Protein chains: 2
Amino acid sequence: MTAQLPLRARDLERRGLRDRVYELILEMLLEGDVEPGSRLSIDTLAKQLDVSPTPVREAMVQLERTGLVTREALKGYRVAPPLGREQLSELFDARLMLELEATRLAAPRAQPVLDELRRAHRLHQACADRVVEAMEQGPDVPVRMTQDYFEADGAFHRAIFAAAGNRYLIGMHEDLGAMTHRLRQAVLRGTSDVREAHAEHGRVLAALERGDADAATAAMRAHIEGVRTRSVRDETP
Amino acid sequence: MTAQLPLRARDLERRGLRDRVYELILEMLLEGDVEPGSRLSIDTLAKQLDVSPTPVREAMVQLERTGLVTREALKGYRVAPPLGREQLSELFDARLMLELEATRLAAPRAQPVLDELRRAHRLHQACADRVVEAMEQGPDVPVRMTQDYFEADGAFHRAIFAAAGNRYLIGMHEDLGAMTHRLRQAVLRGTSDVREAHAEHGRVLAALERGDADAATAAMRAHIEGVRTRSVRDETP
DNA sequence: GGACCCCACTTCCTATAGGATTTCCGGAGT
DNA sequence: ACTCCGGAAATCCTATAGGAAGTGGGGTCC
């Protein structure tokens, strides 16, 4: 019998360089400190991350899928331009369809994940409280804090998709995830938005606890439309 | 002013090696003559296609997304195993959601693409006729013929998504495209299937011509469920 | 006879190098 | 002042080479 913990620790490292490079670049993009339209040179990135261009190249192919970067053959990659009005509308339509279907499928089989949903909801609340508090203190909200808030928000939705139990729906939701993330960053403006979003989640959760599928989907529709409304309100002041 | 046609002809070639490699491997996989689970060696593929491993590697990352190949870090790529019963069911659920939403969105704005839909429908019919004729002659239907049939079938659906005008829906539909293709190959069994599928398309088209959104979505639902029924009927004889 | 180990082969993964193309910038011409 | 052009630097793209890990087979020991 050999030691098991060292082996498992090694397995965590055993993911190939490509995946780590992918996560690093993704994180960099989601931080939001890169100018849309600016070039993403493969060689430069490789030097910055201290790896060879090949894994960077593979990661970029993967990133292309998320819509965060665009590629022009023989001309390289660029940071994707910000979402236009029309694109935004389409994104909401697509997300509405996905979230409604996921809620519909999840409602009758939500029982096993109710605990997880409640936990995610409480975490969401805690993060929201901190964000609101920081907002009232001053205009500068720490990046870490908003990241946590987004993560908690996303976790709630992911739990619903997990309950729905359809791998293709989950995949589509993940695909939209990066775009949605960019969107959320633009939406987080006032304290009321945070409060409203949390309240809307609460109504979805309550309906799922009652096992009321119709109410749950209706609450989810209200939530997504609420986000849409707040989004366009911020878009054009 | 410089000559324009030569330049445009050159642009067609200007897609980088990666895209061409991707299409070649994709075509190879969709032909269906590769054993599920068999290994896809990068070096071997590179030698077969007479290119270096790098573009092959990029193409494989892209293929991984389609679900046709699976990757295990440091162990290479394999042809994805055939779809299980559960996976099949989830695929149908996801596709049903997409096609219904696309039909719903397309119905009020189908007018400009009706001609294209009718053309696709006629082509579908022509291909169906040829397939039926070949089936009645003998058990062996030429690959080329079935390919054309699938292409015509897919074109009809794509036209609806184009009319829907949501780029994310189109993207999701394309993502499922490869899986759906594998599915269709398994479904094409009897002459009645071909006839039924075409008739179901016809009812969708008729509803769209009348501008009746509810009837169109209902007809589309009937179509997808019809495919599902025929699929599981063939699955377990 | 079965299990274990060692070794050669294959394959993946990464790094480096070179050719082709694009981009950028300064200068000449109109 | 604007346009056009030419060359240099940066960049993409592809090819080749080598180290690291996995895979399979044969031999040996129990």
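The basis for the numbers below is simple: all heavy atoms, side chains too, and nothing from hydrogens, waters or symmetry mates. The shown structure was predicted, so the numbers you read here are calculated from the model rather than taken from an experiment. Throughout, protein chains are lettered first and strands after them, A, B, ... in sequence-line order, and every chain is numbered starting at 1.
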For [X] and [N], give me the distance from atom [atom1] to atom [atom2], rounded to whole Å.
X        : N       : atom1 : atom2 : value
Leu45(B) : dT11(C) : CG    : P     : 11 Å
Asp43(A) : dA9(D)  : CG    : C1'   : 13 Å
Arg39(B) : dG22(D) : CZ    : C1'   : 8 Å
Met60(B) : dC13(C) : CE    : C1'   : 14 Å
Lys75(B) : dG22(D) : NZ    : P     : 8 Å
Ile42(B) : dA15(D) : CD1   : P     : 14 Å
Asp50(A) : dA15(C) : CG    : P     : 8 Å
Lys47(A) : dC12(D) : NZ    : C1'   : 13 Å

- Would you indicate whether the side-chain heavy atoms of Leu45(A) and Met28(A) approach each other to under 4.5 Å? yes
- Taking the six-membered ring for Trp, are His124(A) and Phe156(A) ring centroids under 6.0 Å apart? no
- If each of Arg78(A) and Pro53(A) is mapped to the nucleotide of DNA chain C with the nearest heavy atom, which maps nearer the 5' terminus, i.e. the 5' end?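 Per heavy-atom nearest nucleotide, the more 5' residue is Pro53(A).
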- Message: Rounded at 0.5 Å granularity, tell me how far CZ in Arg57(A) sits from CZ in Arg18(B).
- Response: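 Arg57(A) CZ to Arg18(B) CZ: 8.5 Å, rounded to 0.5 Å.
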- If you round to the nearest 0.5 Å, how far is CE of Met172(B) from NE2 of His173(A)?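 Those atoms lie 9.5 Å apart.
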- Under 4.0 Å between a side-chain N/O of Ser52(B) and OP1 or OP2 of dT14(D), yes or no?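 So the side-chain polar atoms of Ser52(B) never come under 4.0 Å of the phosphate oxygens OP1 or OP2 of dT14(D).
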Which part of the nucleic acid, if any, lies within contact of [X], taking any heavy atom under 4.0 Å across all strands shown: a base, the sugar-phosphate backbone alone, or nothing?
X        : value
Leu40(B) : sugar-phosphate
Arg57(A) : base
Thr54(B) : base

- Return the nearest nucleotide to the side chain of Thr44(A); candidates are dA15(D), dC12(C), dT11(D). dT11(D)
- Just wondering, more than 12 heavy atoms not from Gln111(A) lying within 6.0 Å of its CD?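 No - once you tally the heavy atoms of other residues, nucleotides and ligands closer than 6.0 Å, there are 12 at most.
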